[in-house]
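Start at 1 with the first residue, then count along the sequence. Counting starts at 1 for both ligands and their atoms, in listed order.
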Amino acid sequence: MSSSVKFAIIGCGRISSRHIDALGKTPNASLVALCDMNAERLAEREAPESVERYTNYHTMLQSRPDIDVVSVLTPSGMHVEHALDVVQTYKRNVAIEKPLAMTPAQGKKLGDEAARNGVQVFPIYQNRFNRAVQFAKDQLSGDGELGPVRVGTVRLRWCRPQRYYDLSPWRGTFSMDGGALTNQGIHYVDLLRYLCGDIKRVNSKMATLGADIEVEDTVVATIEFESGALGTLEVLTSARPDDFEASVSCVAEKGLIQIGGVATNTLEIFSPDNSVCAEHSEEFPTVYGFGHDVVMAGIADAVLGKGAPPTSLEDGLKTISLLHAIYRSDEVGDWVDLADNPTSERLGRPDDSLANLYRTPPEKN
Ligand SMILES: NC(=O)c1ccc[n+]([C@@H]2O[C@H](COP(=O)([O-])OP(=O)(O)OC[C@H]3O[C@@H](n4cnc5c(N)ncnc54)[C@H](O)[C@@H]3O)[C@@H](O)[C@H]2O)c1
């Protein structure tokens, strides 16, 4: 392999421009090909002239054996199916947008197949790498100023009206998307785990209050961490008329830390010394932030054997398991223990009529 890792992208929708931009800034990576089954969308997506364009990912991977990593940016419910093709048939590494998989079992299968074929799976949780989040991680760790967490809190109060869910058939469905918790809340649920530690059990209640969709747009939950700390979670896209808040906060033994902003980019409170907040904050133009820059560089290094992946598959999958525990608790109306490997009966349920919209068979010669 050359010293520059070659990336291709499947899915040229809303998040793809952030990937293209991040790869353009990564010294040891280059984007060589784009694929979207929608030819118009493929043509519209801006990318350097040298980048080849395909409407069929089989054709792309057959034509370009030099592609090292395929980034899967397709509808959430198709991530594992598309990634399995990449891993099993073409034996390439895959980077996968959130959610990595719709169910823990799907994610495990992908991990097993990747290992069997000698390639890696890279989950993308870009907000972990924001300046404020890294500062919080350090301050909550052994040498940090805050000490152990006592209460961890997530509050996401966003507005996603009906027209958002109407953008594409996959949105707002249990098989392809999940609701406020899986689509928007996942970054915050992941950060709660990342900052406060693994979770022992959860008790949740969900509702659909602001749009005509089958999934939840409103979730509240109580959390008990393995450490004995407690937590609360309020995740909703039913706020109107605007996005109001998106924050993660931790009350720890020696103080409080709170991160907010459009995408956990602003250190809002650091009670030992609030004067450091500005230097640990960043300006983000959109909710996608700049974390993909760090993630792409980390993936390239991991492929070159120069470091651990930005987020391991096992770690990424724990967040999917936590999502399932929160859905399952709502389904059974009781506390749910993560040690029992709870699986929601709704999130990730198969729906071939939707999946068929996004399936790509190999082209006939
Ligand atoms: N990390 C983040 O902050 C973040 C932000 C937005 C979206 N996402 C995730 O990225 C994924 C895509 O989201 P989006 O908003 O860009 O969606 P989108 O609907 O705008 O784009 C999806 C694209 O995938 C294409 N596609 C579907 N099946 C295909 C196939 N078989 N071959 C080629 N192309 C195919 C579609 O034509 C479409 O252009 C979702 O899973 C979403 O959760 C992550």
Proximal atoms of ligand 1 relative to Gln126 (non-hydrogen, under 4.0 Å): 1 (N), 2 (C), 3 (O)
I'd like to check which ligand 1 atoms, numbered from 1 as shown, lie under 4.0 Å from a non-hydrogen atom of Ile10. 32 (N), 33 (C)
Taking distance alone, with N or O pairs closer than 3.5 Å, would you say [X] contacts ligand 1?
X: Tyr288; value: no
X: Tyr358; value: yes
X: Arg14; value: yes
X: Pro75; value: no
X: Arg41; value: yes
X: Glu97; value: yes

Just verifying a value: how many Å separate His187 NE2 and Gln126 CD, rounded to the nearest 0.5 Å? 4.0 Å
Nearest-0.5 Å distance, OG of residue Ser16 to CG of residue Leu23: 11.0 Å
Between the candidates Gly77, Ser76, Gly13, which shows the shortest non-hydrogen contact distance to atom 21 (O) of ligand 1? Gly13
Considering heavy atoms of the protein only, find what lies nearest to [atom] and give residue, atom and distance to 0.1 Å.
atom: atom 24 (O) of ligand 1; result: Gly11 CA, 3.5 Å
atom: atom 23 (C) of ligand 1; result: Asp36 OD2, 3.7 Å
atom: atom 15 (O) of ligand 1; result: Arg171 NH2, 3.0 Å
atom: atom 32 (N) of ligand 1; result: Thr360 OG1, 3.6 Å
atom: atom 12 (C) of ligand 1; result: Leu73 O, 3.3 Å

Could you tell me whether ligand 1 has any atom less than 4.0 Å away from a heavy atom of [X]?
X: Asn183; value: no
X: Thr74; value: yes
X: Arg18; value: no
X: Trp170; value: yes

So, the side chain of [X] versus the backbone of [Y]: is there a donor-acceptor pair under 3.5 Å, distance only?
X: Glu331; Y: Glu345; result: yes
X: Arg193; Y: Leu322; result: no
X: Asn93; Y: Gln120; result: yes
X: His79; Y: Gly107; result: no

[X] contact mode with ligand 1 (heavy-atom cut-off under 4.0 Å):
X: His187; value: side chain
X: Ser168; value: side chain
X: Ile15; value: both
X: Met37; value: both
X: Lys98; value: both

Within a strict 4.5 Å, meaning less than it, do heavy atoms of the Val70 and Tyr90 side chains meet? no
If you measure from the Lys or Arg side-chain nitrogens to the Asp or Glu carboxylate oxygens, is any gap between Glu224 and Lys200 under 4.0 Å? no
Check: Phe135 ring centroid to Phe270 ring centroid under 6.0 Å: yes
Should Leu354 and Leu347 be counted in the same cluster of Ile, Leu, Val, Met, Phe, Trp and Tyr side chains packed under 4.5 Å apart? no
Do the side chains of Ile15 and Ile124 join up, straight or via other hydrophobic residues, at under 4.5 Å, putting them in one cluster? yes
So, applying salt bridge (charged side-chain N to carboxylate O under 4.0 Å, His left out) with Arg160, which one of Asp243, Asp166, Asp242, Asp177 is it? Asp243
Might you point out which heavy atoms bring Ile320 and Thr103 nearest each other, and give the distance in Å? CG2-C, 3.9 Å
